[in-house]
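On a predicted model such as this, the values are computed, not experimentally measured, just so you know.
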Amino acid sequence: MPEPKDRRYWLLKSEPDCFSYDDLVAAPRSTTNWSGVRNYQARNFMRDDMKKGDGVLFYHSSAEPAGIAGTAEIVRDGYPDFTAWDPSNEHYDPKSSEPNPIWYMVDIRAAERFEQFLDLPGLRHIRALEQMELLRKGSRLSVQPVRAPEWDAILKMGSGQKPGRTRTR
DNA sequence: GCCAACGTTGGC
DNA sequence: GCCAACGTTGGC
């Protein structure tokens, strides 16, 4: 299936006890807004770079097992995270306001649940993922870019195909 | 539950 | 603008 040349790929972390891939699928229109992110690097990605149509890997963090459950698609470009303006919200930030928003979010919709849940220890063995941000020591960014070859390898593995440890081109 | 790695805060 | 103290993330 041909895809736009400028399609980009991302990985979003969520604690499944809080919001799992199942929760995303079960949400109205299998869509949710990715609110509550309070980290500037992650904010910049959502505000500036994440575009409708981009691919998303949905990662379960602080879970047993941790790993990638499936994919989603960005269905709305970055826009202000209004939960920051609500004093009763747990992610309330008094420094952010409607005229001067600080925090941003995107909307995502569930796409394909993986046949194979891809657990973290397994991902660490894959050649094609050696450079992946997720696997770097000390990496804890909850919104991170994914390279096209990484995306391709992960989708293959998720659909049950062998990852291709040896083949390069 | 531990703790390493990281980001943020605030005194100076 | 430095950097120590603190809070958080997230694998194990």
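- For residues 30-51 of chain A, the pairs satisfying ring-ring contact (aromatic ring centres under 6.0 Å, His included) are A:Trp10-A:Phe45, A:Trp34-A:Phe58, A:Tyr40-A:Trp103, with sequence neighbours left out.
- In this structure, the CG atom of A:Asp119 is 14 Å from the C1' atom of C:dC12, given to the nearest Å.
- For residues 24-48 of chain A, the pairs satisfying salt bridge (charged side-chain N to carboxylate O under 4.0 Å, His left out) are A:Arg38-A:Asp81, with sequence neighbours left out.
- Residue pairs meeting the salt bridge (charged side-chain N to carboxylate O under 4.0 Å, His left out) criterion with at least one member in residues 88-103 of chain A, sequence neighbours excluded, are A:Asp93-A:Lys95.
- Put simply, CE on A:Met132 is 16 Å from C1' on C:dG11, counting in whole angstrom units.
- What separates CG of A:Leu134 from P of C:dG10 is a distance of 10 Å, to the nearest Å.
- No side-chain N or O of A:Thr83 forms a donor-acceptor pair with one of A:Asp86 less than 3.5 Å apart.
- Residue pairs meeting the salt bridge (charged side-chain N to carboxylate O under 4.0 Å, His left out) criterion with at least one member in residues 109-119 of chain A, sequence neighbours excluded, are A:Asp22-A:Arg113.
- The distance between atom CZ of A:Arg136 and atom P of C:dG10, rounded to the nearest whole Å, is 14 Å.
- Listed by first then second residue, pairs satisfying salt bridge (charged side-chain N to carboxylate O under 4.0 Å, His left out) with a partner in residues 55-69 of chain A number zero, not counting sequence neighbours.
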Mind listing the N/O atom pairs, protein and nucleotides 1-9 of chain C, below 3.5 Å?
from: C:dT8; atom 1: O2; to: A:Arg140; atom 2: NH1; distance (Å): 2.8

